[in-house]
Participant: 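The structure follows.
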Amino acid sequence: MFAVYAAEPNPDQPLDALRVGERPDPEVPHGWVAVTVRAASLNMHDLWTLRGVGIKPDQFPMILGCDGAGELADGSPVVVHGVVGDASVYGDETLDPRRTLLTEKYQGTFAETVVVPARNVLPKPDGLSFAEAACMGTAWLTAYRMLFTRSGLRPGQSMLVQGASGGVSTALVTLGKAAGLRVLVTGRSEEKRALATRLGAHETFESGARLPEKVDAVFETVGKATWAHSMRSVKPGGTIVVSGSTSGPDPSADLQRLFFTQVRVVGSMMGTRDELASLLEFCRLTGIRPQIGTELPLADAATGFGQMLSGETAGKIVFTR
Ligand SMILES: NC(=O)c1ccc[n+]([C@@H]2O[C@H](COP(=O)([O-])OP(=O)(O)OC[C@H]3O[C@@H](n4cnc5c(N)ncnc54)[C@H](OP(=O)(O)O)[C@@H]3O)[C@@H](O)[C@H]2O)c1
């Protein structure tokens with residue numbers, strides 16, 4: 001079948017490891033289902049995979065794509081949940097020490113067909129297109145869990161999103177606005193800050209700029225480049241929720257400020273099947289939709305990877321078939 005995959009790990013030149021071509025048709029194990037993929041979205045995770053981060057060398061070649069939407073054999077439209085883990089033992093599959101995301105052990109969604117456990121598909125709401133639904137399983141689910149499960153924020157409180165134009169960032173802005181939070185955003189360019197304003201941000205700032213007020217919670221996916229600013233921007237007793245470190249981890253975590261201001265730093269990882277179901281319902285009820293900056297045929301995936309690598313994002317990058 002046709003697929004977009006990583007041939008081998010390449011830490012320095014990740015795009016050199018990207019292949020567009022044929023891979024074997026998948027087998028469908030007992031209890032698993034085959035989904036004919038109609039759309040899938042690009043995540044930073046796919047660039048990490050090309051670099052060999054979070055995947056064992058013997059797992060290559062690996063079809064990329066952590067999320068997607070498509071149809072089951074009977075034609076029913078579904079959204080893919082990309083976390084494969086045991087919810088029956090841990091209650092929350094993201095806490096299963098053996099949990100794995102699509103593309104770490106099992107082949108991903110940038111293909112004609114993806115095969116997942118039967119519990120890893122949810123009905124696609126009618127109001128979401130396949131392209132919109134394809135954004136839900138990773139970036140939007142991560143943002144949903146950060147905001148509604150991990151941050152402890154209540155409607156009426158304030159939040160800062162580090163980064164304006166990325167997949168997780170645009171999801172956080174849209175979800176935060178819809179939930180009645182005061183949304184502040186930093187962005188690296190005028191254009192990216194204007195995008196955040198269009199999505200509902202109340203105020204935007206240049207990266208690193210001093211804020212006129214401290215916020216109840218900061219949402220971090222950038223890491224080293226913004227960490228010190230996040231620590232300075234949160235109220236005493238406030239929360240920083242972290243789900244990524246695109247610019248690198250920060251070994252100098254400002255521990256003195258951490259204990260002096262009694263800040264809570266909370267990690268967050270993808271989300272559960274139940275959270276994905278709630279997210280889909282939240283989108284249906286509120287009418288919010290993901291910001292898609294680029295939509296390309298899967299065969300042109302290399303163009304989308306190039307955009308993400310160079311930071312030219314304007315929301316989600318989606319591949320369709
Ligand atoms: N833990 C999880 O479950 C999970 C799930 C999804 C993603 N993630 C992680 O979250 C991160 C973002 O993923 P994504 O798919 O949303 O990526 P993306 O679409 O490429 O977005 C990257 C974002 O990072 C910002 N950024 C990058 N470098 C920066 C710098 N030097 N200074 C300031 N801002 C910078 C960009 O801000 P501008 O808009 O201002 O350019 C942009 O908003 C990645 O590290 C990814 O691995 C984690």
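All residue numbers in this chain count up from 1 along the given sequence. When a ligand or atom number is given, it counts from 1 through the structure's own listing order.
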Participant: List the residues meeting side chain to side chain contact (heavy atoms under 4.5 Å, CB included) with Leu255, not counting sequence neighbours, and say none if there are none.
Facilitator: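 Testing Leu255 for side chain to side chain contact (heavy atoms under 4.5 Å, CB included), a comparison that skips the adjacent residues, returns Ala253, Leu258.
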Participant: Can the ring centres of Phe110 and Tyr5 be said to be less than 6.0 Å apart?
Facilitator: no
Participant: What's the shortest heavy-atom distance between Pro236 and Lys214, and which atoms?
Facilitator: CD-CD, 4.5 Å
Participant: Could you tell me whether Asp96 and Arg99 have a side-chain N and a carboxylate O separated by less than 4.0 Å?
Facilitator: no
Participant: List, pair by pair, the atoms of ligand 1 and of the protein that are both N or O and lie under 3.5 Å apart, giving the separation rounded to 0.1 Å.
Facilitator:
residue, atom, partner, partner atom, Å
ligand 1, 1 (N), Ser243, O, 2.8
ligand 1, 1 (N), Ser268, O, 3.4
ligand 1, 3 (O), Met270, N, 2.6
ligand 1, 15 (O), Met44, N, 3.2
ligand 1, 16 (O), Gly167, N, 3.2
ligand 1, 16 (O), Val168, N, 2.9
ligand 1, 19 (O), Gly167, N, 2.8
ligand 1, 28 (N), Arg188, NH1, 3.4
ligand 1, 39 (O), Ala164, N, 3.0
ligand 1, 39 (O), Ser165, N, 2.6
ligand 1, 39 (O), Ser165, OG, 2.7
ligand 1, 40 (O), Arg188, N, 2.9
ligand 1, 41 (O), Arg188, NE, 3.0
ligand 1, 41 (O), Arg188, NH2, 2.9
ligand 1, 41 (O), Lys192, NZ, 2.9
ligand 1, 43 (O), Gly166, N, 3.0
ligand 1, 43 (O), Ser169, OG, 3.4
ligand 1, 45 (O), Thr246, OG1, 2.8
ligand 1, 47 (O), Trp48, NE1, 2.9

Participant: Give every donor-acceptor pair under 3.5 Å between a side-chain atom in residues 278-292 and any protein atom, sequence neighbours left out.
Facilitator:
residue, atom, partner, partner atom, Å
Ser278, OG, Asp274, O, 3.1
Glu281, OE1, Arg284, NE, 2.9
Glu281, OE2, Arg284, NH2, 2.9
Thr286, OG1, Phe282, O, 2.6
Thr286, OG1, Ile288, N, 3.3
Arg289, NE, Gly127, O, 3.4
Arg289, NH1, Cys283, O, 3.0
Arg289, NH2, Gly127, O, 3.4
Gln291, NE2, Ala314, O, 3.0

Participant: Just to verify, what does Gln107 make a side chain to side chain contact (heavy atoms under 4.5 Å, CB included) with, not counting sequence neighbours?
Facilitator: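 Result, side chain to side chain contact (heavy atoms under 4.5 Å, CB included) vs Gln107: Met62, Ile63.
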